[in-house]
Amino acid sequence: MNFDFSEEQQMVRDSIARFVQDDYDWDTRRAIVASDTGISDTAWQTFAELGWLSIPFAEEDGGFGGNIVDTMVIMEEIGKGLIVEPYLPSVLLFGGLVARAGNEGQRSTLIPSLIDGSTSGAFAYLERQSRFEMTDCLTRAEASGDGWVLSGEKVVVFNGANCNQMVVLARTAGDQWERDGLSLFVVAADAEGVNRVDYAMMDGQRVANITFDNVSLGAEALLGEAGAAMATVDAVVREATIALMAEAVGCMGTLNAKTLEYTKTREQFGVAIGSFQSLQHRMVDTMMAYEQAKSLLYKVVCEYKQDPDSADASINALKVLVDRNAKLIYGEATQMHGGMGITDELDIGHYAKRLMMINTTFGDARFHRAQYMEKSYAA
Amino acid sequence: MNFDFSEEQQMVRDSIARFVQDDYDWDTRRAIVASDTGISDTAWQTFAELGWLSIPFAEEDGGFGGNIVDTMVIMEEIGKGLIVEPYLPSVLLFGGLVARAGNEGQRSTLIPSLIDGSTSGAFAYLERQSRFEMTDCLTRAEASGDGWVLSGEKVVVFNGANCNQMVVLARTAGDQWERDGLSLFVVAADAEGVNRVDYAMMDGQRVANITFDNVSLGAEALLGEAGAAMATVDAVVREATIALMAEAVGCMGTLNAKTLEYTKTREQFGVAIGSFQSLQHRMVDTMMAYEQAKSLLYKVVCEYKQDPDSADASINALKVLVDRNAKLIYGEATQMHGGMGITDELDIGHYAKRLMMINTTFGDARFHRAQYMEKSYAA
Amino acid sequence: MDIAFSPDELAFREEVRAFFDEQFDDELVARLRSDNFKEAICEWQQRLHKKGWIAANWPVEYGGTGWSPTQKYIYETERSERGIPGVIPFGIGMVGPMIYQFGTQEQKDKFLPGILESTTWWCQGYSEPGSGSDLASLKTKAELDGDHYVINGAKIWTSYAQYADWIFVLVRTSNEGKKQEGITFILVDMKSEGIKVNPIISIDNEHSLNEVEFSDVRVPVENVVGEVNKGWTVAKALLAHERTGIADVAQSKRNLRLIKQAAEEEVNGGKRLMDDPGFQARLADLEIELMALEFTELRTLAAMSAGGFPGPESSLLKIKGTELQQATQELRMETAAYYQGVLPNDMDPEVLGHSWTHEAFRNYMYGRAATIYGGSNEVQKNIIAKYVLGLE
Amino acid sequence: MDIAFSPDELAFREEVRAFFDEQFDDELVARLRSDNFKEAICEWQQRLHKKGWIAANWPVEYGGTGWSPTQKYIYETERSERGIPGVIPFGIGMVGPMIYQFGTQEQKDKFLPGILESTTWWCQGYSEPGSGSDLASLKTKAELDGDHYVINGAKIWTSYAQYADWIFVLVRTSNEGKKQEGITFILVDMKSEGIKVNPIISIDNEHSLNEVEFSDVRVPVENVVGEVNKGWTVAKALLAHERTGIADVAQSKRNLRLIKQAAEEEVNGGKRLMDDPGFQARLADLEIELMALEFTELRTLAAMSAGGFPGPESSLLKIKGTELQQATQELRMETAAYYQGVLPNDMDPEVLGHSWTHEAFRNYMYGRAATIYGGSNEVQKNIIAKYVLGLE
């Protein structure tokens, strides 16, 4: 039993932390989010050069061959720095789908360009009506000659506004909500018939609603076996969910640290507000909430490392706990910062908004609690 | 709109409060609970003499003709004084059933003796398997000649150990859980074939498990129409539930007052513990919890007064709120009293145990929340 | 103990409903959502004034409605149920009562009509960058120079300062004695030289808050309300006024209604959100707390009508009311799932997802301030602990 | 980052299981529930001692097990899962470590064997009627008279004083300096003249607590552990020891397992309680917090094995662990519905309702003390605020 990080993991952690400190301070981040694209190409290029984009990929695909612990380390730092560049949608979702389901040709075309930063990917899976049910898919791809014709609409596609490639979840057989009959397709963002409406989310992400109007796809666009997408999607989303929870833990830790610092310096009634016992006890509660979330993340990571298929109930549990504890932490952070906590200028509110988005991504706490209950208590 | 009490109501309230202060102090109450029967005949006789036992009954039955507000006033004081005598099981349940369902003969036999204290009643409705579902009834009464033969077992009968008369809920037709086919019978505690196992509950109540072994009952034992008991039971339990909630509010108010007093006098670290800000804020929370419970009780009482049938969802709501707020209040009272809070000697733990029993009586919070949801949100 | 409405009260309710149905028309609703918010809200308030319903909390002699607590309750319930905005508080709710309570006849004559007629827009100069909950530590200085005070300093969190004609300000006129002494309540024309309004963008990406800087702003001494150096008395009276009605039960009830409506349309895996037991349980817990709070408010109203004034008990309404507002806003956000995160912009929200999610976002974000302003909930707890529970 | 057990650890687990299966036999279980609790628990501890497993937290040189954190975790998990009682803490867990850390060679020789062999029953004299969380305000006085101290005063909340052969006591030997100075840690023979044990009945109707009065009790000076007037150092070390293991995750896990078992049998209106979504949700929330706490405990154990000692972080385990214990006990009570209220008596619980409800009652009631003793949770929060968060 150990909870230690390898030397490489510590190095990656330190290098991202150093990047945030030196090149991604709060004003820089604000300027990036306010820019046209909402992300920084320079920053992304740095990620590529420092090798961070290669870490989750297998060595035979040109990657570093990292495991879930490496991903956790990266995402926790991304959370601490509130980094807005699309590591999750591009590397973990798009890249994860290609790496798992792609044939050698697809992998060798796409993965190197993801690693060098020239391809920016997205995964289009949500639909207007689907809420958290991935199989609720009305977008259809009909076989046509050797290839396919894709029609439908995907919404709130993370990195949808900036990606040049995307994987689209579409139905090639079966009815709405059916698990079988779903397939994955690689689609270029500038393909004919692809139309995007770009917009911003409260956490700074640039997303898109994307319509596919009889988009012609070649046979090589199909990723994996037709009709059998969900096994791949589940595996990739499972890993991405753990990654997202690591990001949440990073956000929560930083929020606590910043709030603690603030209570030590902000004076009211002639003393630092951190000297008020009622606030002290609440700071202890937020500390415990953070430690508990981190502990459960470690449990999930250890279980997943031993056997990815065994961790699902624990992942559900983690989503539930992170939801509750994040709410406590960002609620207290906002309240203790007083008026400052609700200004756009200060980072506090932005950490809160990122945590809110994380809580709703891949299913909210109620969805995951129901899943946990189904797995644990069904007769 | 007014929340005022009538002069009579204020007089009753004051007279019970005076009784508790003069004749029912903590040591007296402890001695009563430790006595053989666990209740005081002297106290009960006082209740009769002061007219409290007559208040809910109609004037034509020899009662005072009080309404739900009168009952609320009495029960709140009973809660404050932690009075262990069986007002709820004898007057409100047994008496309520007789008053509602009884014919003139039954009413004129039983109610005067309830009012003068010579009859002590109980309502035997729970069964070993029934949990909170009143219709889950396996006890059966078979027609036999003019009368009936009663067989089965009832458990945790409030005042079961001391009553001399009881109303028994029994099935004369239908299957377990069926609402139709249930009937009420008046049974003397010393009838042949009635066997009692007496025991004490944590709140000091003396209850009994009662078996009925082919108990022969005359035709006059049937209370109300055969097979149609549930309308009466629902009406009586509805009113008794409001009464019980008033008792809970009385307990909660007294617990808060005692705890507040304690925090002002108990010194630690050279100052009264009530001077610690973290405790102050928690005392504010318990005060708010009490006020909220009281407000919802008032809402229920006002609605019930306008139309008894309209108040059911609000009664469900009140059970849920009282459960939660009572837990907060007795939890904090225990914690703030430190070691003293967990001694048998001090009253604090006994208020807590009474509130725990109240919370489970007539259905717990989960049961009532489910009922509320069914009434409010069913498609 | 009775809550049945009398025939008169039922008739009043009909009158309120008819008035709202007629006067709060679609055209006005559209304008309130447009860039012309100020003009539209003033027009609405003028319609209320014409009806005689602008000043529910004022004494009749100054133009108040003379409503009973039940009438106030009826009016507020009907208003909030329709999502009709409340009267902008700074004039009618705040400075007006201070002027008729503490002001001179000249001040009453000069300022009250403009407040009642919504022709003067007021804003509030209380908090300062360094003083949040510790209001009395304020540093904005007013020095006497002949028959003028010269004000220097800065106020913060000033809502709608960009619209305001006048501002009421707490200033320090003396450094002697306790910090609560030496404070003065003074009225300042926003057109005065030396006033600068710096916008503050809040987390909802909106501009309603501001910092107001004072550099050698000259204000005539006759603009002092109450006694010089005794402004703390005025300040406290105003805060108690601010707390009443802050529970806003009716608004939370409306939000719950809208949540249920949305949850009947929202579907997950073919099942309505409204049928999800976990969702129902959370909704039930909120409804139940709110049912109770509504009666806590009624009990307070009833006690006030029996000759009372908003006392420390109003702190309870503030704490519980704002907690429930926030919990309700949060549930509404979660009902929107991913769409909760869509930042309001020029596009039709229906194009992006749902029509109601922008309102949910704005309410939620704006609502974060409710536990902070008007005396933070922590300060309210201190007030209850001290003045109600007697804990020191 | 890895939690897989090594082959050696798996073999150890098998050894633990085999030992428990063989040695914790039905006859012993029955005796533990009988009036002969003291004799039975001592015999059990002697079986553990014979196996070499009595002192998991002691250094090997004094008779400790030398277990790694993982082994301790395995042992505790297996023990709690079976509902096997932990070692009575006063000797092995409390006074023993103080004696080998601070005691003289003579004291070690005299007292440690009886502790390891469970032939001496110890109890704790810390709290006083006037001093709860403020332990240092203690007033029990020890005055030097030749080569004896003469002790006068009273201690309270002393568990099992009625069984005890010896008591370790904090006494005041000086009134000079801060209140933490002038305290001495001393060992007293319970057979000494002038000791009186007054039972305290707790809310579970049981007698395990006592008040212990001291009237001119003479104790030889050589019974002082550590330095005279420096007992506070000993007292604090002991409290940190007391906090480790107090989270007792394994016990809460066992309780959750028993709750689920009961909820599968309990039926309402024909539906299993286990299938009620509201019940499931509450169960899930507890399980989830507990899953997290188990890893918080493991992280703490791992940090300790990397050379650490139980620090202020152990306060977190105490707070969260006791909160979850109580929440679990509460849910178990509610699962019993009406039967939660049945007071344990001489009748077979099965006759009255369910067989397990008496255990639920006792656990719940006894568990109320967990947030109070060992330094109340409020004191733990003060400790974390000060020593971990650096808030003063």
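Not measured: the values here are computed from a predicted model. Excluded from the calculations below are hydrogen atoms, water molecules and symmetry mates; all remaining heavy atoms, backbone and side chain alike, are included. Numbers restart at 1 for each chain; the letters A, B, ... are given by sequence-line order, proteins then strands.
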Quiz item: Non-hydrogen atoms of chain D under 4.5 Å away: do they reach the side chain of A:Tyr372, the backbone, both or neither?
Solution: side chain
Quiz item: Can D:Gln380 and A:Val284 be said to form a side-chain contact (heavy atoms from CB on, under 4.5 Å), step by step?
Solution: CA-CA 10 Å; D:Gln380 305 301 334; A:Val284 172; over 6 Å; no
Quiz item: Quick check: does any side chain N or O of A:Lys305 sit under 3.5 Å from a backbone N or O of D:Met1, one acting as donor and the other as acceptor?
Solution: yes
Practice problem: Please state whether the side chain, the backbone, both or neither of D:Glu392 comes within less than 4.5 Å of a heavy atom of chain A. | Solution: backbone
Exercise. Assess whether atom NZ of A:Lys375 is packed by more than 12 heavy atoms of other residues, nucleotides or ligands within 6.0 Å.
Key: yes
Exercise. For the residue pair D:Lys381 and A:Gln280, establish whether any side-chain heavy-atom pair is separated by less than 4.5 Å.
Key: no
Practice problem: Below 4.5 Å from any heavy atom of chain D, which atoms of A:Asn256 appear? Answer side chain, backbone, both or neither. | Solution: neither
Quiz item: Can you tell me how far NZ of A:Lys299 sits from CZ of D:Arg299, rounded to the nearest 0.5 angstrom?
Solution: 14.0 Å
Exercise. Check each atom of D:Lys260 against the heavy atoms of chain A and say whether the ones under 4.5 Å are side chain, backbone, both or neither.
Key: side chain
Quiz item: Under a 4.5 Å heavy-atom cut-off, does chain D meet the side chain of A:Gln292, its backbone, both or neither?
Solution: both
Quiz prompt | Beyond-backbone contact of A:Leu321 with D:Met291, side-chain heavy atoms, under 4.5 angstrom | solution = no
Quiz item: Under a 4.5 Å heavy-atom cutoff, which of D:Arg272, D:Glu287, D:Glu378 has the most pairs with chain A?
Solution: D:Glu287
Exercise. Side chain from CB out, backbone as N, CA, C, O: work out which of these in A:Gln9 comes under 4.5 Å of a heavy atom of chain D, or both, or neither.
Key: neither
Quiz item: About how many Å separate NE2 of A:His368 and CD1 of D:Ile288, when rounded to the nearest 0.5 Å?
Solution: 11.0 Å
Exercise. With rounding to the nearest 0.5 Å, note down the distance linking CE in A:Met288 to OG1 in D:Thr296.
Key: 10.5 Å
Quiz prompt | Among the listed options A:Ser376, A:Ala378, A:Ser6, A:Gly274, the residue most often paired with chain D at heavy-atom distances under 4.5 Å | solution = A:Gly274
Quiz item: From A:Tyr377 OH over to D:Asp275 CG, what is the distance, rounded to the nearest 0.5 angstrom?
Solution: 12.5 Å
Quiz item: For A:Asn2, is it the side chain, the backbone, both, or neither that has a heavy atom closer than 4.5 Å to a heavy atom of chain D?
Solution: both
Exercise. Run the numbers on A:Leu260 and D:Leu391 for side-chain contact (heavy atoms from CB on, under 4.5 Å), then give the verdict.
Key: CA-CA 8 Å; A:Leu260 181 60; D:Leu391 294 168; 3.8 Å; yes
Quiz item: Run the side-chain contact (heavy atoms from CB on, under 4.5 Å) check on D:Asp285 and A:Arg369 step by step: do they pass?
Solution: CA-CA 8 Å; D:Asp285 281 339; A:Arg369 189 189 285 103; 3.1 Å; yes
Self-check item: Side chain / backbone / both / neither for D:Glu289 at chain A, heavy atoms under 4.5 Å
Solution: both
Practice problem: Walk me through it: do D:Leu298 and A:Phe3 pass the test side-chain contact (heavy atoms from CB on, under 4.5 Å)? | Solution: CA-CA 9 Å; D:Leu298 290 176; A:Phe3 300 105; 3.9 Å; yes
Quiz prompt | Close side-chain approach of A:Gln277 to D:Asn382, heavy-atom, < 4.5 Å | solution = yes
Quiz prompt | For the student: nearest non-hydrogen atoms of A:Ser295 and D:Ala292, plus distance | solution = CB-O, 3.3 Å
Self-check item: Candidate pair A:Glu291 and D:Lys320, rule salt bridge (charged side-chain N to carboxylate O under 4.0 Å, His left out), full reasoning
Solution: CA-CA 11 Å; A:Glu291 294 294 341; D:Lys320 202 79 199 171; over 6 Å; no
